[in-house]
Number of protein chains: 2
Amino acid sequence: MKRRITPRRSGSVTAEPRRPAAAIGKTTRAEQLRRQLADEILRRGLPPGASLDETEIATRFNVSRTPVREALRQLAASGLVESRPHRGAVVAQPSFERLTGMFEAMAELEAMCAGFAAERMSPLERRDLEAIHEELRMLSHDGNPERFHDVNERFHNAIYAGSHNDYIADLALATRVRVQPFRRAQFRNLGRLATSHAEHDRVVVAIMRGDRAGAALAMRRHIELVRNEYEIYAVSI
Amino acid sequence: MKRRITPRRSGSVTAEPRRPAAAIGKTTRAEQLRRQLADEILRRGLPPGASLDETEIATRFNVSRTPVREALRQLAASGLVESRPHRGAVVAQPSFERLTGMFEAMAELEAMCAGFAAERMSPLERRDLEAIHEELRMLSHDGNPERFHDVNERFHNAIYAGSHNDYIADLALATRVRVQPFRRAQFRNLGRLATSHAEHDRVVVAIMRGDRAGAALAMRRHIELVRNEYEIYAVSI
DNA sequence: CGACGGCGCATTGTATGCAATTCGCGCCAG
DNA sequence: CTGGCGCGAATTGCATACAATGCGCCGTCG
């Protein structure tokens, strides 16, 4: 298979000086590829099980196989991709049991963060959390699922940060990312938006009270409800 | 710097046919390197902060830079190594705050595993756990720190497995590995061995009773005591 | 005497060619 | 007709050459 269209190396007096826009990627090609591929996986442009041919990807992005390989290896290490020696890489497709385990882990990790946040959040952080929560309340009325989803992520991220434990926050975020391809778009209907907000409310109230156990419990229940939604989805595949 | 001593590629009628012993590594070179480097880091042959020069490592292991780079990237993804673009890689040297966070996370993750194990372990798994526990009891009397350390790892691994949640088990194990370079050899004195066994005993009793909260609590306390030992060590650096 | 800028060196990032392994496919034997 | 075996094509793994970036050193200027 031909490797590329424009020979970019020597000469190359094309309109494309060397890199299309030097400002686009301020890091290495491998890093850009990693982000791009991760993004496509999370947006389900690359569904679970899709094969990731090194040469094909290299051609598609107009780079050599080397940075593609690095990107794939890093994605494999982060769990979004599964790779077996000499047999190529595919978008990760965990078994049902493992996916269930990941949701359970997410529930526990988020509960852990919420519990720590209840004890450790600064007054400023608490105000910020309440602000995000209020924003979600309004969005749940307006019924803008797209924006709700974004602000919902900010809500959970604020709680991760409030745990004042970056390592646990990293674990929680990584787990959230890994299950992302398997969560269906949940915020289609206003009902789910309102329900989600009500669940959040219990979490926020507990955090504001400094009630560690209550915050953890409320968050665990919230995530477990999310998981239930997922199971319906999984069955309907 | 010269890349290698024997040009291995063409000709190479040396005593070393191609790979020293084909049976040694049944996987790729990058994977072998990853294991070898991880092992050296965990055994503190490569202490935190040590720089990992690609060319130097390639020369040392008599391979090209390509698999070295892959190994380093994977180690970076697993957290044992920190790497910045164009600036090389070093053995990870987390800040004191982050290390504290990692210990806290380990306590919570192990407690989580112990709690699930109390509810989910099969009768066979329980018997195996008790057997390991008994082995540790004898070793704590004999006072063989080396073997005690190995069996201690088997003890904790048995509890990870007993959680019946591979994902959480992976997180717990990964965290344990990442703090490994910062734990001092704790089992020098018999006192610590006996204390550790006593703490384990509470965990085992709770698990046998199916007491989830009790098992989690006992394990959390056990790990926190380990952490205290660490803090003394950290200060004494 | 100190600070700033340019230049050379060392090191990492990328491209490309070759080697090795895997898997499909056809062929032959039972 | 079926099952096993060997061969070839395709794909990944590794080596090497080249490019680009960051860093330190030195000289010059304020």
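Letters A, B, ... mirror the listed sequences (proteins, then strands); counts begin at 1.
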Original post:
In whole angstrom, what separates B/Asn62's CG from D/dT16's P?
Top reply: 10 Å
**OP:** Report yes if a side-chain nitrogen or oxygen of A/Arg87 is closer than 4.0 Å to either non-bridging phosphate oxygen (OP1 or OP2) of C/dT21; otherwise report no.
**Re:** no
Original post:
Out of D/dT11, C/dT11, D/dA15, which nucleotide sits closest to the side chain of A/Asp53?
Top reply: D/dT11
Subject >> Selected nucleotide, minimal atom distance to A/Arg29 side chain, candidates C/dT22, D/dC14, C/dA15 >> reply: C/dA15
Original post:
How close or far is atom C1' of C/dT11 from atom CZ of B/Arg84, stated in whole angstroms?
Top reply: 14 Å
Original post:
Closer to the 5' end of DNA chain D via nearest nucleotide, is it B/Pro85 or A/Arg73?
Top reply: A/Arg73
Original post:
Which nucleotide in the list D/dC14, C/dT16, C/dT12 gets nearest to the side chain of B/Glu54?
Top reply: C/dT12
Subject >> Straight-line distance of B/Glu108 CD to B/Arg220 CZ, nearest 0.5 Å >> reply: 4.5 Å
Original post:
Which word best sums up how the rings of A/His133 and A/Phe155 line up, parallel for under 30°, tilted for 30 to 60°, or perpendicular for over 60°?
Top reply: tilted
**OP:** Measure from the side-chain heavy atoms of B/Thr66 and tell me the nearest of D/dT16, D/dT21, C/dA15.
**Re:** D/dT16
Original post:
Side chains of A/His164 and A/Glu119: do they bring a donor and an acceptor to under 3.5 Å?
Top reply: no
**OP:** Nearest whole angstrom, please: distance from the P of D/dT12 to the CD of B/Glu31.
**Re:** 18 Å
**OP:** Rounded off to whole Å, could you give me the CZ-to-P distance for the A/Arg65 and D/dC14 pair?
**Re:** 11 Å
Original post:
Got a salt bridge between A/Arg60 and A/Glu40, using NZ or NE/NH1/NH2 to carboxylate O under 4.0 Å?
Top reply: yes
Original post:
Is a donor on one side and an acceptor on the other found under 3.5 Å between the side chain of B/Arg120 and the backbone of B/Ser163?
Top reply: yes
Subject >> Residue A/Ser64, side-chain atoms from C-beta onward, closest of D/dC14, C/dT14, C/dG13 >> reply: C/dT14
Original post:
How long is the line joining NE2 of B/His86 and C1' of D/dG24, in whole Å?
Top reply: 18 Å
Original post:
How many Å lie between CG on B/Leu72 and P on C/dT11, as a whole number?
Top reply: 15 Å
Original post:
For the pair made of CG in B/Leu33 and C1' in D/dC14, what is the distance, rounded to whole Å?
Top reply: 11 Å
Subject >> Rounded distance (Å) that lies between atom P of D/dT16 and atom CZ of A/Arg69 >> reply: 16 Å
